[in-house]
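Every chain is numbered from 1, with letters handed out A, B, ... down the list of sequences.
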2 protein chains.
Amino acid sequence: MKKRDFKDSLYEGIAGITKAFSNANRLEIIDLLANGEKTVEQIALQTAISISNASQHLKALKTSRLVKSRRDGQFIWYSLNGVKVMSAWQALRDLAMEHAPDVQNTLQQFRVSLGNAQSVSFQREYDNTSVFFLDVRPVDEFAAGHLPNAQSIPVDELPSRMAELPRDKTIITYCRGPFCSLADEAVQLLIANGFKAMRLEEGFLDLTLLSRS
Amino acid sequence: MKKRDFKDSLYEGIAGITKAFSNANRLEIIDLLANGEKTVEQIALQTAISISNASQHLKALKTSRLVKSRRDGQFIWYSLNGVKVMSAWQALRDLAMEHAPDVQNTLQQFRVSLGNAQSVSFQREYDNTSVFFLDVRPVDEFAAGHLPNAQSIPVDELPSRMAELPRDKTIITYCRGPFCSLADEAVQLLIANGFKAMRLEEGFLDLTLLSRS
DNA sequence: CAAGCATTTTAGAAAATACTTGAATATCTT
DNA sequence: AAGATATTCAAGTATTTTCTAAAATGCTTG
């Protein structure tokens, strides 16, 4: 085997993995799974595709070893297969957010449509004692991992549970990441009810990777 | 515009960038450009594709803003467009090296075919005074950036320039990265001539990113 | 073991896309 | 204008992707 053949084969192999990343639905699935394991049905529901389609995308991801699965009763739980998958997704996402004008524009419009919540970075606030971290993702995602000093109130329970929140602190909400709107929705709700609130720039994925480095 | 449409559009946008990465030839070009700017002809030559083909791949990369170009006389020099591109490539490469069995196997065979040089990490050796760092890439890549304490002798000049190397130290060679064979070839040559030599695990790309973090 | 639920597989068809080559064209320099 | 470098065009082939709908599988529970 010649040098050239080795190289071709190596780059070809990487391109194979990379192809698993180059589909919008699969990227959304990866982004979702970065927040904890999910069943096929949950994934299909949250990404608005059919169950059959979700299953097939998951198969593709599994073949490339980006996700793994385990069975529990009649459910099959899918999750990301290791930190390197998260890092790669984060790198691609950040690259796109910096380099792709259409992604930047859409994101900008998205945020405006959600009320343009003020955002702040974790690095700057994590030892600030006059803020209160609020995780507004579904409870199971909170259970799968969260900021150590955060409280959980899923955004759909927020209207009925505002009494649990301090009025003398700034509420800092966070959710899955830059493409997740839960934190923005929460901020809008909170501000409408007289709280001082903003959202974290980072999502759970970023916070996880931060804490590992 | 509905929430769903925003999301679809965002993930679609990222998938677009990702597609620029999902071709073996383009990955090899990126890996090459991580070591400094190159002309179309140089790229075509080193990746063993036609000039026309290289030009078209470069166009694709440029459209996705992964590379940029500048003109100097009759040459057009291409280079990577920012550190995030390098990080993304590194993340994908490392992911593949960890998760893809065929990539692992090929790499293993590749190294055996090159004499299985002993490798060592930069972190462990960088303040060791009894080693000598040798950059065996072409001179122009050395000029574009290198380890501060490294000496440059391109591997093809090595046979005639061994007198420049110390016999009382361990020579540690490095080149472009895990898919580059120059460092291994150099180690083989050096050992055959009675030197103590090994190669660095990391390549120039990794050393660059290391020094930035 | 039968029923029920969750998931996977299959098949198929439409659409889209990607890749490469070789020739022609463009852009600069000298 | 000649010469060098790079890009575009045209073309064909091949490949690939993606999704839906229906059937099949695998597991649990009564």
Checklist entry - Can you say whether the rings of His146(A) and Phe142(A) are parallel (under 30°), tilted (30 to 60°) or perpendicular (over 60°)? => result parallel
Which of Thr47(B), Asn25(B), Asp31(B), Asn23(B) passes side chain to side chain donor-acceptor pair (under 3.5 Å) with Tyr11(A)? It is Asp31(B)
Nearest whole Å is fine: how far is [N] [atom2] from [X] [atom1]?
X        : N       : atom1 : atom2 : result
Asp8(A)  : dC19(C) : CG    : C1'   : 14 Å
Ile51(B) : dA6(D)  : CD1   : P     : 7 Å
Leu58(A) : dT8(C)  : CG    : C1'   : 11 Å
Phe75(B) : dT29(C) : CZ    : P     : 12 Å
Gln74(A) : dC5(C)  : CD    : C1'   : 5 Å
Ile29(A) : dT7(C)  : CD1   : P     : 13 Å
Lys59(A) : dA11(C) : NZ    : C1'   : 13 Å
Ile76(B) : dC28(C) : CD1   : P     : 8 Å

If each end axis of the helix from dC1(C)-dG30(D) to dT30(C)-dA1(D) is fitted on five C1' pair positions, the angle between them, to 10 degrees, is 30°
With a 3.5 Å cut-off and no angle check, do the side chains of Gln151(B) and Asp135(B) form a donor-acceptor pair?
no
Considering only heavy side-chain atoms of Tyr78(B), the closest of dT8(C), dA6(D), dT7(C) is dA6(D)
From the candidates dA4(D), dT8(C), dG26(D), the one with an atom nearest any side-chain atom of Arg71(A) is dG26(D)
Lys/Arg-Asp/Glu bridge criterion (N-O < 4.0 Å) met for [X], [Y]:
X         : Y         : result
Asp156(B) : Arg161(B) : no
Lys38(A)  : Glu28(A)  : no
Lys3(B)   : Asp184(A) : no
Glu37(A)  : Arg70(A)  : yes

> Is the cationic atom of Arg137(B) (NZ for Lys, CZ for Arg) positioned less than 6.0 Å from the six-membered ring centroid of Phe204(B) and within 45 degrees of its normal?
Replying inline: yes
Letter by letter from the 5' end, nucleotides 15-20 of chain D scores (B base, S sugar-phosphate only, - none; protein heavy atoms under 4.0 Å) --SSBB
If you look only at distance, which donor and acceptor atoms sit under 3.5 Å apart when one is on a side chain in residues 106-117 of chain B and the other is two or more places apart or in another chain?
residue: Thr106(B); atom: OG1; partner: Ser9(A); partner atom: OG; Å: 3.3
residue: Thr106(B); atom: OG1; partner: Asp102(B); partner atom: O; Å: 2.7
residue: Ser113(B); atom: OG; partner: Phe110(B); partner atom: O; Å: 2.7

